[in-house]
Amino acid sequence: MFTLALTISFVEAQRVNLGNIVKSLQMQLPFRSILLLRNEKDADYCWTREDFPQDIPILNLNSNQSLYLKQIFNSEILAMVCQNRSEGDTMKTLYRNLQDIRYTPTILMTRSDTSLSALFEGCRTHNMLNVLALKDFDPEFVYSYRAFPHLQVVKRRGSHIRRYFEPQLRNMQGARINVLPDNIMPRTVVYRDGQGRRQMTGYLAHLMRNFVSTLNATMNICWDYVPEEESINKMSIASLMENATVDFPLVVDSAGAYPDAHNIVMELSSWFLILPMEANIPRARLFYRIKVYQLIPLLMLVALVLSNAQRLEAGLGPSVSFGNIWDYVLRGFLAQPLVLPHGLSARLMFIYGLLFLNTLTVSSIYNVNLESQFVHPPIDHQIRSFEDMRLEHLKVLVMSVDFHFIKKILGDRNFEKIRDIFEVTNSSIYFQTMRSTLNPSYAYPITTTFWPLLHLAQARLTRPTFRRSRDLQFCRALILALPLPRNSIYRQEFKNFLDNARASGLYSHWFRQTFNELICLDKIKFNVDNSSQLYQDLKWEDFYFIWLAYIGGVLASLLVFLVEVLHRN
């Protein structure tokens with residue numbers, strides 16, 4: 001009887017203590033529901049309804065029920081597990097139910113003979129850091145564990161606890177975080193230093209180094225899986241994330257590239273082509289490109305009005321003959337001097353004044369346009385479509401992975417029409433070298449992440465060698481994300497650090513710093529003009545069409561003169 005009474009008193013003490021713990025947690029954690037999980041054959045001896053607040057919904061499951069709670073229920077949950085027997089099955093069910101929300105605070109009600117080290121080791125293996133354990137017949141003590149730098153079980157007296165769930169990632173005490181660079185500029189660039197050791201740089205490398213330092217951890221680069229020069233493929237990255245070999249793959253790709261990973265949005269970009277700069281219009285063609293010949297109807301109209309105004313002033317009737325006025329009007333439009341007739345009336349002076357004003361306007365506009373085009377010559381035939389690229393015999397150099405992605409974006413029917421324009425390569429180092437050196441043999445697909453660096457590399461050129469195409473775009477809005485392994489313990493901490501890095505300007509600073517580092521590593525070079533004579537004066541050939549118009553005008557005048565002579569005779 002004494003033993004039975006003692007046992008009942010311990011059970012009652014446990015229930016009271018559990019209720020107090022739940023009330024304390026309700027003040028510390030923003031959970032909106034409670035998950036109760038137990039073995040199907042066990043009764044609810046671990047808790048009673050009085051242990052939980054009446055205003056919080058409770059989801060009661062057994063070890064045979066599995067739900068994806070993040071999708072069908074809210075994720076702000078307090079999980080409680082009753083372990084009496086079949087602990088392995090119950091814990092497996094817990095892991096399945098907390099898929100993608102393994103950060104959920106969890107309380108394990110265990111037996112007195114349960115090995116807490118093995119239990120906590122399983123929790124750490126499944127990325128559950130916020131775990132407490134309560135042993136039967138010992139309700140005064142609460143057990144937890146420290147995951148870093150190695151697992152350590154912590155025993156605390158319940159009456160002395162101020163905070164039940166301590167942040168595990170605040171101080172990792174030098175524990176390793178495994179990262180994997182993809183060796184794609186400018187995100188991560190792998191190179192060898194003067195001692196032959198492999199090093200990593202790039203704006204994602206700076207981001208990760210600073211993030212690891214805030215956790216007091218050690219960054220470990222998985223060099224065994226990084227090719228010497230080529231980039232690692234997606235299948236290998238996905239496999240290394242799945243088996244927990246890599247904590248952070250330093251990859252930025254489209255949000256759907258890794259469907260089994262948790263994507264952290266890094267940038268909003270676009271995907272387009274950069275094209276070799278087309279040739280300028282020859283100087284000889286600039287004179288008629290302004291289309292001054294369109295003023296000929298206006299010139300004839302002014303000559304007709306002025307001639308009839310003078311005829312009416314002299315008391316003659318209207319006529320369609322221009323007479324000598326044509327010479328005045330033509331000289332006026334060409335901004336040449338002319339001698340006004342004597343004794344002009346106010347009305348004729350007003351018409352001549354309008355002619356002079358028109359001369360000033362037309363001449364000024366023509367000269368300004370011509371001089372500006374001499375300084376900045378326009379492009380002759382600009383490439384605006386894939387058909388223009390085919391006419392110019394220009395191909396697009398593309399990686400095999402991007403080739404299939406472009407095919408998916410454009411659709412099979414549209415893609416078949418332009419398949420011959422693409423040249424596919426499986427070598428990432430060849431593709432990156434050709435693109436980073438701006439080799440004009442090809443056009444290249446690129447995102448707004450890398451293009452600013454290549455555009456800056458052309459800053460010392462009087463005329464850029466490559467330009468961004470506004471017409472040939474594969475994806476105008478592209479969400480680029482960094483994939484993390486599923487249920488990663490670093491997800492929330494990394495998101496907070498990334499937001500702070502953006503807000504403080506560090507993210508853009510690391511991006512700009514990467515350009516200088518790539519210049520030092522000879523990965524990107526400032527392009528310079530090799531021409532010894534960048535400027536050339538006008539030549540006789542540049543006035544080809546002017547001479548043609550002049551000779552044509554002289555011949556036409558001679559022909560008219562001969563006709564008049566023959567007509568007089």
Side-chain angles (χ1 to χ4, degrees), residues 14 17-18 20-22 24-25 28-29 31 37 46 77-84 87-88 90-95 98 101-179 208 211-220 222 243-248 484-494 496-497:
Q14 181 189 16
N17 194 17
L18 179 60
N20 293 335
I21 292 176
V22 173
S24 299
L25 289 177
Q28 298 178 12
L29 303 175
F31 61 89
L37 184 63
C46 294
I77 300 174
L78 173 64
M80 303 191 66
V81 181
C82 180
Q83 287 188 324
N84 184 26
E87 290 88 347
T90 307
M91 293 303 295
K92 290 178 181 178
T93 305
L94 175 67
Y95 302 145
L98 297 184
I101 52 172
R102 299 278 175 84
Y103 52 82
T104 299
T106 304
I107 300 178
L108 304 178
M109 312 293 292
T110 67
R111 297 181 302 181
S112 57
D113 59 346
T114 301
S115 174
L116 292 181
S117 297
L119 182 64
F120 287 145
E121 182 63 34
C123 293
R124 187 177 70 167
T125 303
H126 289 84
N127 298 326
M128 292 189 63
L129 301 182
N130 300 322
V131 180
L132 300 179
L134 300 178
K135 279 193 172 184
D136 286 344
F137 308 112
D138 193 9
E140 296 184 6
F141 296 97
V142 177
Y143 297 88
S144 60
Y145 75 98
R146 294 191 181 98
F148 308 104
H150 53 79
L151 190 142
Q152 180 182 0
V153 179
V154 179
K155 181 180 178 181
R156 295 178 291 174
R157 188 176 293 275
S159 59
H160 297 164
I161 296 178
R162 296 291 180 265
R163 184 172 185 176
Y164 285 94
F165 295 99
E166 296 291 340
Q168 297 270 22
L169 298 179
R170 176 173 294 178
N171 184 3
M172 294 181 62
Q173 301 185 39
R176 296 197 310 177
I177 296 180
N178 298 320
V179 302
M208 185 52 54
F211 171 69
V212 170
S213 65
T214 60
L215 304 183
N216 192 23
T218 302
M219 186 175 71
N220 176 52
C222 301
N243 58 27
T245 304
V246 173
D247 297 314
F248 278 90
L484 288 182
R486 202 166 187 181
N487 299 307
S488 173
I489 61 177
Y490 307 104
R491 181 177 64 182
Q492 192 59 45
E493 292 291 334
F494 183 73
N496 294 337
F497 178 80

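Computation of the quantities below employed the complete heavy-atom set of this structure, encompassing side-chain atoms and omitting hydrogens, waters and symmetry-equivalent molecules. None of these values were measured; they are calculated from a predicted model.
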Is the backbone N or O of [Y] less than 3.5 Å from a side-chain atom of [X], with the two atoms forming a donor-acceptor pair by type?
X	Y	value
Arg102	Tyr95	yes
Glu493	Arg170	no
Asn127	Asn487	yes
Thr106	Val131	no

Distance (rounded to the nearest 0.5 Å) between [X] [atom1] and [Y] [atom2]:
X	Y	atom1	atom2	answer
Glu121	His150	CD	NE2	12.0 Å
Ile489	Gln168	CD1	CD	8.5 Å
Phe248	Met219	CZ	CE	11.5 Å
Asn130	Leu29	CG	CG	8.0 Å
Phe165	Ser144	CZ	OG	9.0 Å
Phe120	Leu129	CZ	CG	11.5 Å

In the structure I gave you, are the side-chain heavy atoms of [X] and [Y] within less than 4.5 Å of one another anywhere?
X	Y	value
Leu37	Thr90	yes
Leu108	Cys123	yes
Tyr103	Gln492	no
Leu25	Ile21	yes
Phe148	Leu169	yes
Met109	Leu134	yes
Phe31	Pro105	no
Leu119	Met91	yes

If you compare all heavy atoms of [X] against all heavy atoms of [Y], which two are closest, and at what distance to 0.1 Å?
X	Y	result
Pro149	Ala175	CA-CB, 4.4 Å
Tyr490	Arg176	OH-O, 4.3 Å
Leu484	Asp247	CD2-O, 3.8 Å
Ile101	Thr104	O-OG1, 2.6 Å
Gln173	Asn171	N-OD1, 3.0 Å

For His126 and Leu94, run side chain to side chain contact (heavy atoms under 4.5 Å, CB included): C-alpha distance rounded to whole Å, both residues' side-chain angles, the deciding distance at 0.1 Å, then the answer. CA-CA 10 Å; His126 289 84; Leu94 175 67; over 6 Å; no
Relative to each other, are the rings of Phe211 and Phe494 parallel, tilted or perpendicular (30° and 60° limits)? perpendicular
Take Val154 and Glu166 through the side chain to side chain contact (heavy atoms under 4.5 Å, CB included) test and state the conclusion after the steps. CA-CA 11 Å; Val154 179; Glu166 296 291 340; over 6 Å; no
Inspect the surroundings of CZ in Arg124 and state if more than 12 heavy atoms from other residues, nucleotides or ligands are less than 6.0 Å away. yes
Tell me whether the count of non-hydrogen atoms from other residues, nucleotides or ligands lying under 6.0 Å of CZ in Arg163 goes above 12. yes
Establish, for the pair Lys135 and Phe141, whether the NZ or CZ atom is under 6.0 angstrom from the six-membered ring centre and no further than 45 degrees off its axis. no
